[in-house]
Novice: 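Quick one: structure below, then a few questions.
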Amino acid sequence: MSREHRDQPFARLSLRANVSWTFVGNVVYAACQWGMLMALAKLGSPDMVGVFALGLAITAPVFMFSNLHLRTIQATDAQQQYQFRDYLGVRLATTTLALLVIVGITLAAGYPRDVAMVIVAVGCAKACESIGDVFYGLLQRLERMDRIAQSMMVKGALSLLALVVTVYLSGSVFWGVAGMSVAWAAVLACYDIPNGLNALRRSPASQTIRDRVAIATRLAWMALPLGIGIMLVSLSTAIPRYFVERILGTESLGIFAAIAYIQVAGTTVISALAAAANPRLAQHYARGDVRAFRSLLYRLVAIALVLGIAGVLGAWLIGGWLLTLMYRPEYGAHNHVFVLVMVAAGIGYVGWFVGDAMTAVRRLRVQALLFLVMTLATIGACAWLIPQFGLTGAALATMVTAVIHATGGLLIVERALRTLPPVTATAVPDEVALTGRVSFNR
């Protein structure tokens with residue numbers, strides 16, 4: 001074995017290998033997450049599913065904000081402006097604050113004790129996921145998606161097993177979520193942290209603590225607009241669930257959440273492609289290669305549209321049978337909602353790629369403004385549509401959000417690309433852009 005190979009145990013994989021690993025990892029993980037929802041529906045009731053969905057709806061926006069979308073910034077940091085410890089320090093601080101905020105929201109909202117316990121338990125699971133995500137960002141920048149995929153598969157299988165066993169034995173959604181939290185914590189401690197640290201190249205800690213705090217603060221301040229934006233995106237997804245829970249009850253929320261989760265089948269493919277393509281988009285932009293950037297982005301958008309159309313056709317043709325098979329007959333009675341949800345999902349798949357492209361071109365502040373418009377539009381649509389049309393109105397409200405995200409994002413990306421000078425013969429080669437040795441989204 002050569003010395004160079006020994007010094008680079010985490011040599012990057014090809015784009016095809018990264019896409020393949022990410023796809024497999026996401027498929028297994030999404031299937032396990034779906035399995036947990038199906039287990040709650042089969043072993044419990046729509047009300048139990050609704051409580052679980054409420055916990056996710058409350059905690060997700062908080063952690064989306066506290067995460068500051070650092071993983072995408074970390075993975076696209078081609079010039080390595082910040083070290084891993086900077087990202088980790090920011091993430092540990094913001095995760096602690098997020099847990100405190102969730103406890104405060106739960107107490108202020110006055111939820112019953114059993115519901116409040118579920119919400120806090122979901123928050124603990126999200127905290128483990130948040131810390132693990134920064135290690136994923138390190139591996140993603142190194143283009144080693146195989147390590148991330150292996151972690152996701154183990155985490156998904158263990159969490160599904162823990163939830164099924166605890167819900168079956170206790171009949172309680174709280175103990176099911178508690179078991180899931182323990183499984184996620186075990187994977188973080190036994191796999192993600194050791195694996196991530198092994199990928200780091202040792203470097204002398206020459207800065208003082210004051211210097212490190214200053215650097216971490218600068219990183220958090222840079223990412224703050226993106227964190228606000230991603231929180232608003234998560235809010236746009238959660239707001240229909242808030243309205244459904246308050247107006248129609250947790251049982252209706254359980255039905256809507258179970259139907260909406262089916263779109264994850266397409267999201268699995270989209271996220272795999274996005275995670276592998278994000279570094280390449282950032283490299284094209286860093287080199288000023290507008291043609292390559294557009295070519296990759298619009299190929300991704302075409303894939304999103306094909307998946308969206310396939311999802312709508314599937315929901316229209318066999319949606320009622322599928323919902324009854326996976327859940328229960330009371331879910332299958334809402335096939336019309338399923339069709340509308342899949343229309344919104346197809347548009348949302350496009351928005352996923354466009355959102356990562358906005359990050360790659362570093363249009364972070366205008367992204368936050370777009371997401372604010374999305375959130376306000378979602379609130380207005382929910383307030384108007386859900387009281388009149390019930391779950392159908394909730395599906396239509398998600399469609400409004402998806403359209404604004406996709407169209408507004410495309411306009412922002414195109415405007416950014418038009419400001420770039422044309423690529424020249426002196427553009428940096430791929431290997432330099434990837435390693436960031438010149439002084440380079442999920």
Side-chain angles (χ1 to χ4, degrees), residues 53-77 82 86-109 119-137 181 184 216-243 267 271 274 278 348 351-352 354-356 358-359 362-379 382 398 401-402 404-405 408-409 412 441-442:
L54 180 63
L56 293 174
I58 290 175
T59 58
V62 176
F63 274 99
M64 284 294 183
F65 174 64
S66 69
N67 286 351
L68 299 174
H69 211 41
L70 282 183
R71 176 175 169 181
T72 300
I73 296 175
Q74 186 180 4
T76 57
D77 187 7
Y82 297 95
D86 301 324
Y87 292 102
L88 180 60
V90 172
R91 180 58 56 85
L92 290 174
T94 57
T95 298
T96 303
L97 291 175
L99 279 174
L100 294 175
V101 169
I102 288 170
V103 172
I105 291 174
T106 304
L107 294 175
I119 295 171
V120 174
V122 173
C124 293
K126 286 285 186 181
C128 297
E129 182 182 51
S130 176
I131 297 172
D133 183 68
V134 78
F135 289 93
Y136 286 0
S181 301
W184 287 11
T217 302
R218 192 161 61 245
L219 172 60
W221 182 251
M222 181 198 73
L224 181 62
L226 188 55
I228 294 173
I230 297 302
M231 177 195 67
L232 293 173
V233 171
S234 182
L235 270 177
S236 298
T237 301
I239 285 169
R241 289 161 170 77
Y242 301 154
F243 275 86
T267 304
S271 62
N278 281 348
W352 187 305
V354 171
D356 285 346
M358 283 190 287
T359 302
R362 289 301 191 256
R363 292 303 186 266
L364 306 184
R365 298 185 187 279
V366 70
Q367 234 184 125
L369 293 177
L370 173 63
F371 297 154
L372 177 60
V373 172
M374 289 167 50
T375 303
L376 295 176
T378 304
I379 293 173
C382 288
T398 62
T401 304
I404 294 174
H405 187 198
I412 292 170
N441 115 166
R442 160 281 166 121

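Note that these values count all heavy atoms, side chains included, but never hydrogens, waters or copies made by symmetry.
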Novice: Taking the side chain from Asp86 and the backbone from Tyr82, do they hold a donor-acceptor pair closer than 3.5 Å?
Specialist: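 No, the answer is negative, given that no donor and acceptor are paired below the 3.5 Å cut-off.
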
Novice: Return the minimal non-hydrogen interatomic distance between Leu99 and Cys124, and the atom names on each side.
Specialist: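 In terms of heavy atoms, the two residues are closest at CD2-N, 4.0 Å.
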
Novice: Let me check something: any side-chain donor-acceptor pairs from residues 368-379 under 3.5 Å, sequence neighbours excluded? List them with distances.
Specialist:
| residue | atom | partner | partner atom | Å |
| --- | --- | --- | --- | --- |
| Thr375 | OG1 | Leu232 | O | 3.0 |
| Thr375 | OG1 | Ser236 | OG | 3.4 |
| Thr375 | OG1 | Phe371 | O | 2.9 |
| Thr378 | OG1 | Met374 | O | 2.7 |
| Thr378 | OG1 | Thr401 | OG1 | 2.4 |

Novice: Might you point out which heavy atoms bring Thr95 and Ala127 nearest each other, and give the distance in Å?
Specialist: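 Smallest interatomic distance, heavy atoms only, reads CG2-CB, 3.7 Å.
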
Novice: Answer yes or no: is there a side-chain heavy-atom contact under 4.5 Å between Ile58 and Val62?
Specialist: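 Of all side-chain heavy-atom pairs linking Val62 with Ile58, none is under 4.5 Å.
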
Novice: With rounding to the nearest 0.5 Å, note down the distance linking CD1 in Ile239 to OG1 in Thr398.
Specialist: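 Here the interatomic distance stands at 12.0 Å.
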
Novice: Could you list all the salt bridge (charged side-chain N to carboxylate O under 4.0 Å, His left out) pairs where at least one residue sits in residues 91-104, not counting sequence neighbours?
Specialist: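 Passing the test, one end in residues 91-104: Arg91-Asp133.
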
Novice: Minimum heavy-atom separation for Tyr242 and Ala57, please, with both atom names.
Specialist: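 Nearest pair, atom of Tyr242 first, then Ala57: OH-O, 2.6 Å.
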
Novice: Is it the case that the side chain of Ser234 and the backbone of Met231 share a donor-acceptor pair, with hydrogens and angles ignored and the cut-off at 3.5 Å?
Specialist: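 It does not hold such a pair.
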
Novice: Rounded at 0.5 Å granularity, tell me how far CZ in Arg71 sits from OH in Tyr136.
Specialist: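 With rounding to 0.5 Å, CZ (Arg71) is 7.5 Å from OH (Tyr136).
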
Novice: Considering non-hydrogen atoms only, spot the tightest contact between Ile119 and Gly55 and give its length.
Specialist: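 Of all heavy-atom pairs spanning Ile119 and Gly55, the closest is CG1-CA, 3.9 Å.
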
Novice: Please tell me if the side chains of Leu88 and Leu92 come closer than 4.5 Å, counting only heavy atoms from C-beta onward.
Specialist: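 Yes - at least one pair of side-chain heavy atoms lies under 4.5 Å apart.
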
Novice: Which heavy atom of Val134 sits nearest a heavy atom of Ile131, and at what distance?
Specialist: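 Val134 and Ile131 have their closest heavy atoms at CG1-O, 3.1 Å.
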
Novice: Please name all residues satisfying ring pair (Phe, Tyr, Trp, His ring centres under 6.0 Å) with Phe135, sequence neighbours left out, ordered by chain then number.
Specialist: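 Only Phe84 meet the ring pair (Phe, Tyr, Trp, His ring centres under 6.0 Å) criterion with Phe135.
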
Novice: Between Cys128 and Ser181, what is the shortest heavy-atom contact and its length?
Specialist: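 Answer, listing the atom of Cys128 first, then Ser181: SG-O, 4.4 Å.
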
Novice: Decide yes or no for Val90 and Thr217: does some side-chain heavy atom of the first lie under 4.5 Å from some side-chain heavy atom of the second?
Specialist: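 Sidechains of Thr217 and Val90: no contact.
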
Novice: May I ask you to decide if Lys126's main-chain N or O and Ser130's side chain share a donor-acceptor pair within less than 3.5 Å?
Specialist: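 Judged by distance alone, no pair lies under 3.5 Å.
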
